[in-house]
Amino acid sequence: MTDQEKTGGTDFIRARVRRDIDEGRLPHGVVTRFPPEPNGYLHIGHAKSICLNFGVAAEQGGATYLRFDDTNPLKEDDRYVEAIKQDVRWLGFDWGDRLTHASDYFPQLYAFAQDLIRAGKAYVCSLDQEQMRAYRGTLTEPGRNSPDRNRPVAENLDLFARMRAGEFADGAYVLRARIDMASPNINLRDPVLYRIRKVAHQRTGDEWPIYPTYDYTHCICDALEGITHSLCTLEFEDHRPLYDWVLDNINVNFHPPQIEFSRLGLEYTVMSKRLLHRLVDDGHVAGWDDPRMPTIAGLRRRGYTPEAIREFCARIGVTKQDNRIEMDLLEFCIRADLESRAPRGMAVLDPLKVTITNYPAHGGETLSAAWHPKVADLGGRELPFSASLYIERDDFTESPPKGYKRLSPGETVRLRYAYIIRCDAVQKDAQGNVVALECSYLPDSRSGEDTSGVKPKGVIHWVDAGSGVPVTIRNFERLFLVPDPDGDNFTRQINTASVAEHRGIVEPAVLASGEARFQFERVGYFVKDSVLAETFNRTVSLRDTYTPGA
RNA sequence: UGGGGCGUCGCCAAGUGGUAAGGCAGCGGGUUUUGAUCCCGCCAUUCGUAGGUUCGAAUCCUUCCGCCCCAGCCA
């Protein structure tokens, strides 16, 4: 748990909850809910909501429901249900036996609708969608009453029963609340409560030919579950009067307050399910769990930890201000987590062959290195060394800038955990590209027992050619070219170079250990891909403050 | 232009009448066999604007400006 998870934070929602407790309004404790619609995968914006809902309740010894908001079988699919459950669990939250579905309440929802009709608060309307739009008015003009608005109660009851019995085609009728067609709040202009959809539902099958809408369903489910704080995002703010209207007009003895907070915005990515769906469906990414996706599944495959994501959610806070968080903060959180627990290893992404000319050509030795420079408990590993090695191409240059701390002709550098070497000769191909280096090593400079007295330019990582294992290493960049991609220019804003595959080589102990996450020294944090063999995904690079020439 | 929200450092965010927390980023320095980590220091006379109330305002009142959301039988 992070500090904020322990103390509970000071945001306006937690302040409100504490006040409710202090003033004795919650005799049965705090009850919240996370209500995803199973029409896609969860993303980091949902993580914010999950951390908030589960966090607020847990801090007060309360309970949280995981409730699937499954009122629209046209868009929903059971395969998303399992993915969502897995993601919530992986993030570290437990709903216990409080797993529910809006569809669990379909019978009660139906009965309440009949009550509304009897009370003259709802009516069956035959306007088609276009007509209804025309009757609704505009933002600045009031709407007009539906010709069916004064249909007698008995007739409404009969028609609604026949809708339920499946007598009518999709779209023939809807059940509407009878509120106010002139309301400045468009949500109150006789909103639809039920629509006919002769579609099989993932849980209720063909039992219902009619389905309740979100506005009608959500508030009632909240009330029936005794949700003490119904937390949602800002765009539902002007639905609140409708939320309240429904609960005020049915016979239910509990009325949760709806409290809104701003959704998470993250630079260089998108957070709407519609756009995420497009990325997947149009093949811009390999799937919902593509490591470049801001989905929980994508972040997981990328190597993010639940702890880092929770820490991120704690750090961004909860307010009503629109926001767009910099990637730097997310990266800071995962680096901070991995720094202390990821074992170190060495991998070369772009190998440059090095031959130690004064080292026995057929010999070799085994050096040792700790898995972590500060965490002794992590133990150590063996590191094969020989005359034939690979270093990072990037760690050599023929013309070093001022202050260069890597290898260049005539200069010395320490091979991490091993010896100091000097570059004696550079081999090039016909085009003048450097293809290999000839170096000599200082026999008395072995790591830990260095008596050479030589101060090398710096330290670089390396992998023994004979024992190193070839692997694919994937580096990811931001998915979009602009910090705030929009739906209209979406396709043009996608970064088509967001993944770079390297054919690299990694020290044998890394693959031999059972670990998944490593810091490849001087490069970054990586995780073994959960699907592709011998493939590492870069979770995040190491912080790099090197400015050439400086 | 109807309704609903929001405006405190590049990005987040405390603060709710008593004289601008903190984090991320950035910058400078120290330690370092990872140009990492770690450690030090710097980083808003000012709170969208203009007035007003007050001994005193980011906090109260008024004006204006800017941004976001709403016209699905989506959620």
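Letters A, B, ... are given to chains in the order of the sequence lines, protein chains preceding strands, and every chain is numbered from 1.
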Of the nucleotides [options], which has the atom closest to the [X] side chain?
X      : options                : result
A/T71  : B/rG35, B/rA75, B/rU33 : B/rA75
A/Y404 : B/rG23, B/rG35, B/rA25 : B/rG35
A/N72  : B/rA75, B/rC6, B/rA71  : B/rA75
A/E237 : B/rC73, B/rG4, B/rG2   : B/rG4
A/I325 : B/rA75, B/rU34, B/rC12 : B/rC12

If the plane angle is over 60° it's perpendicular, under 30° parallel, otherwise tilted; pick one for A/Y41 and A/W288.
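Parallel.
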Could you label the plane-to-plane angle of the A/F160 and A/Y110 rings as parallel, tilted or perpendicular, counting under 30° as parallel and over 60° as perpendicular?
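A/F160 and A/Y110: parallel rings.
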Taking distance alone, no hydrogens or angles, what donor-acceptor pairs closer than 3.5 Å link side-chain atoms of residues 267-275 of chain A to residues at least two apart or in another chain?
| from | atom 1 | to | atom 2 | distance (Å) |
| --- | --- | --- | --- | --- |
| A/S272 | OG | A/L275 | N | 3.1 |
| A/K273 | NZ | A/E37 | O | 3.0 |
| A/K273 | NZ | A/N39 | OD1 | 2.7 |

Using purine N1 to pyrimidine N3 plus N6-O4 or O6-N4 for Watson-Crick, or N1-O2 and O6-N3 for G-U wobble, each under 3.5 Å, what pairs with [N]?
N      : result
B/rG2  : B/rC70
B/rG7  : B/rC65
B/rC38 : B/rG30

OP1 or OP2 of B/rC12 versus the side-chain N and O atoms of A/R324: is any pair under 4.0 Å?
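For A/R324, the contact criterion (side-chain N or O under 4.0 Å from OP1 or OP2 of B/rC12) is not met.
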Check whether any side-chain nitrogen or oxygen of A/Q321 sits under 4.0 Å from OP1 or OP2 of B/rC12, and answer yes or no.
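Result: no.
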Donor/acceptor link under 3.5 angstrom from [X] side chain onto base of [N]:
X      : N      : value
A/H239 : B/rA75 : yes
A/R406 : B/rG35 : yes
A/E326 : B/rG10 : yes
A/R344 : B/rU34 : yes
A/S447 : B/rU33 : yes
A/D544 : B/rG35 : no

Distance between the C1' atoms of B/rC60 and B/rC38, in whole angstroms?
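Result for the C1' pair: 47 Å, nearest Å.
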What distance, rounded to whole Å, do you find between the two C1' atoms, one in B/rA14 and one in B/rG72?
39 Å
Counterpart residues, salt bridge (Lys or Arg N to Asp or Glu O under 4.0 Å), relative to A/D328 (two or more places apart)
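Residues passing salt bridge (Lys or Arg N to Asp or Glu O under 4.0 Å) with A/D328: none at all.
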Quick one: label A/R414 by what it contacts on the DNA or RNA (base, sugar-phosphate, nothing), any heavy atom closer than 4.0 Å.
base
Could you classify B/rG26 for me, syn or anti, using a glycosidic angle within 90° of 0 as syn?
anti
Could you tell me if the side chain of A/C232 sits less than 4.5 Å from the side chain of A/H239, heavy atoms only?
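A side-chain contact under 4.5 Å is absent here.
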Could you tell me if the side chain of A/R33 sits less than 4.5 Å from the side chain of A/C221, heavy atoms only?
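A/C221 does not reach A/R33 side chain to side chain.
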A/I460 vs A/P184, nearer the 5' end of RNA chain B by closest nucleotide:
A/P184
